[in-house]
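Position 1 is the first residue of the sequence; numbering continues from there.
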Amino acid sequence: MTSEPQRDPAAVEIGSFFPHPPQAVWAALTEPRLVERWLMPSTGFEPVVGTHFIFAIPVGTPGEIACEVLTARPGEQLTFTWVDLRARYPKRWVADWAVRPQGRGTRMLVTQTGFYVEDKRQKMARNAMERVWRGALSRLGGVLDDGPSLN
């Protein structure tokens, strides 16, 4: 009998399957005009290690997310830092996107780490980000389903 590995309560991990080829999923993850459709508009984003960019939060309390690309392996993995500049004491989190071919589609895993869940505000932020990523992945599926607009 094997046991299931323990999930890290300080991380958000959400997987999703898309019935689309990895190239389409990667394009939707890295082309700013597509990212804006399912996540947020950005300024200066390029999937190149060392690139600093800003996401503009257009809803709720407007603000900015400052990011830096840490890993960019085309078609496989994109990792960047995530700092919400609206926060009184901004924390640096890391968001990682892993893209893998699976059958006739693509498996994606988004993982966001760096939450200190012993702190009540950090635990609330972790739970809020889980909801954010679930909604974002749903919208990403819609962008992918639009198909021709990816080109």
Side-chain angles (χ1 to χ4, degrees), residues 4-60 62-103 105-119 121-145 150:
E4 192 173 317
Q6 293 293 324
R7 294 182 67 186
D8 180 356
V12 173
E13 295 179 309
I14 301 171
S16 192
F17 176 81
F18 299 105
H20 304 279
Q23 309 88 283
V25 174
W26 183 255
L29 182 61
T30 59
E31 292 181 18
R33 66 182 177 78
L34 297 175
V35 174
E36 181 173 352
R37 290 176 50 203
W38 64 270
L39 187 56
M40 288 180 271
S42 65
T43 302
F45 173 67
E46 291 182 62
V48 176
V49 172
T51 298
H52 291 262
F53 66 98
I54 298 287
F55 278 125
I57 303 168
V59 296
E64 295 179 328
I65 305 291
C67 303
E68 178 185 2
V69 177
L70 303 177
T71 306
R73 292 197 323 255
E76 295 179 16
Q77 182 179 18
L78 179 66
T79 309
F80 50 82
T81 60
W82 179 282
V83 179
D84 186 342
L85 298 177
R86 298 172 301 178
R88 185 172 184 179
Y89 303 104
K91 302 294 183 202
R92 182 179 184 262
W93 299 309
V94 175
D96 178 76
W97 303 86
V99 176
R100 302 284 182 270
Q102 183 179 15
T106 304
R107 173 72 51 192
M108 176 185 276
L109 176 66
V110 59
T111 305
Q112 187 170 1
T113 58
F115 298 98
Y116 179 64
V117 294
E118 300 303 316
D119 177 282
R121 286 191 176 109
Q122 284 284 303
K123 188 172 184 174
M124 288 171 52
R126 183 246 173 256
N127 293 339
M129 286 311 302
E130 183 169 358
R131 290 187 300 276
V132 165
W133 290 128
R134 287 190 190 286
L137 288 175
S138 177
R139 289 187 303 277
L140 174 58
V143 168
L144 290 164
D145 289 344
L150 286 172

Closest heavy-atom pair and its distance - Ala10, Val117
CA-CG1, 3.8 Å
Heavy-atom side-chain contact between Leu70 and Val94 under 4.5 Å:
yes
What I want to find out is whether Asp84 reaches Arg86 closely enough, with some N-O distance under 4.0 Å, to be called a salt bridge.
yes
When every non-hydrogen atom of Pro47 is compared with those of Ala72, the smallest separation belongs to O-CB, 3.2 Å
Are the side chains of Arg139 and Arg37 in touch, meaning some heavy atoms are under 4.5 Å apart?
no
Flag the pair Trp133 / Trp38 as yes when their ring centroid distance falls below 6.0 Å, and as no otherwise.
no
Matching residue for Asn127 among Met129, Met124, Arg131 - test: side-chain contact (heavy atoms from CB on, under 4.5 Å):
Arg131
Atom of Ala136, atom of Leu39 and distance for their closest heavy-atom approach:
CB-CD1, 4.1 Å
Point-to-point distance, once rounded to the nearest 0.5 Å, from CD of Glu13 to OG1 of Thr111
4.5 Å
Chi angles and distances behind the side chain to side chain contact (heavy atoms under 4.5 Å, CB included) call for Phe80, Thr51:
CA-CA 9 Å; Phe80 50 82; Thr51 298; over 6 Å; no
CG on Leu34 to CG on Leu29, rounded to 0.5 Å:
10.0 Å
How about Val99 and Glu76: do any of their side-chain heavy atoms sit closer than 4.5 Å?
no
Flag the pair Arg126 / Tyr116 as yes when at least one side-chain heavy-atom distance between them is below 4.5 Å, and no otherwise.
no
Stepwise, does the side chain to side chain contact (heavy atoms under 4.5 Å, CB included) test hold for Leu137 with Met108?
CA-CA 9 Å; Leu137 288 175; Met108 176 185 276; 3.7 Å; yes
For the atom pair CD (Gln112) and CH2 (Trp82), what is the distance rounded to the nearest 0.5 Å?
6.5 Å
dist His52:NE2 -> Phe45:CZ (nearest 0.5 Å) comes out at 13.5 Å
Any non-hydrogen side-chain atom of Met40 less than 4.5 Å from a side-chain atom of Ile65?
yes
Between Gln102 and Phe17, which heavy-atom pair has the shortest distance, and what is it?
O-CE1, 3.4 Å
Evaluation steps, side chain to side chain contact (heavy atoms under 4.5 Å, CB included), between Ile14 and Glu130
CA-CA 8 Å; Ile14 301 171; Glu130 183 169 358; 3.9 Å; yes
Straight-line distance of Glu36 CD to Ser42 OG, nearest 0.5 Å:
7.5 Å
Determine, step by step, whether Val12 and Val110 satisfy the side chain to side chain contact (heavy atoms under 4.5 Å, CB included) criterion, reporting the C-alpha distance in whole Å, the side-chain angles of both residues, the deciding distance to 0.1 Å, and the verdict.
CA-CA 8 Å; Val12 173; Val110 59; 5.9 Å; no
Mind checking the CZ-CG spacing from Phe18 to Leu144? Nearest 0.5 Å is all I need.
6.0 Å
At their closest point, which heavy atom of Leu109 faces which heavy atom of Gly15, and how far apart are they?
CD1-N, 3.8 Å
I'd like to know if the side chain of Thr81 reaches the main chain of Arg92, judged simply by a donor and an acceptor atom lying under 3.5 Å from each other, with no hydrogens or angles considered.
no
Side chain proximity check, Ile57 to Pro62, heavy atoms < 4.5 angstrom:
no
Write down the atom of Thr30, the atom of Leu78, and the distance for their closest heavy-atom approach.
CG2-CD2, 4.2 Å
Does either side chain, that of Trp97 or that of Gln77, offer a donor lying less than 3.5 Å from an acceptor on the other one?
no
Taking the six-membered ring for Trp, are Phe55 and Phe53 parallel (under 30°), tilted (30 to 60°) or perpendicular (over 60°)?
perpendicular
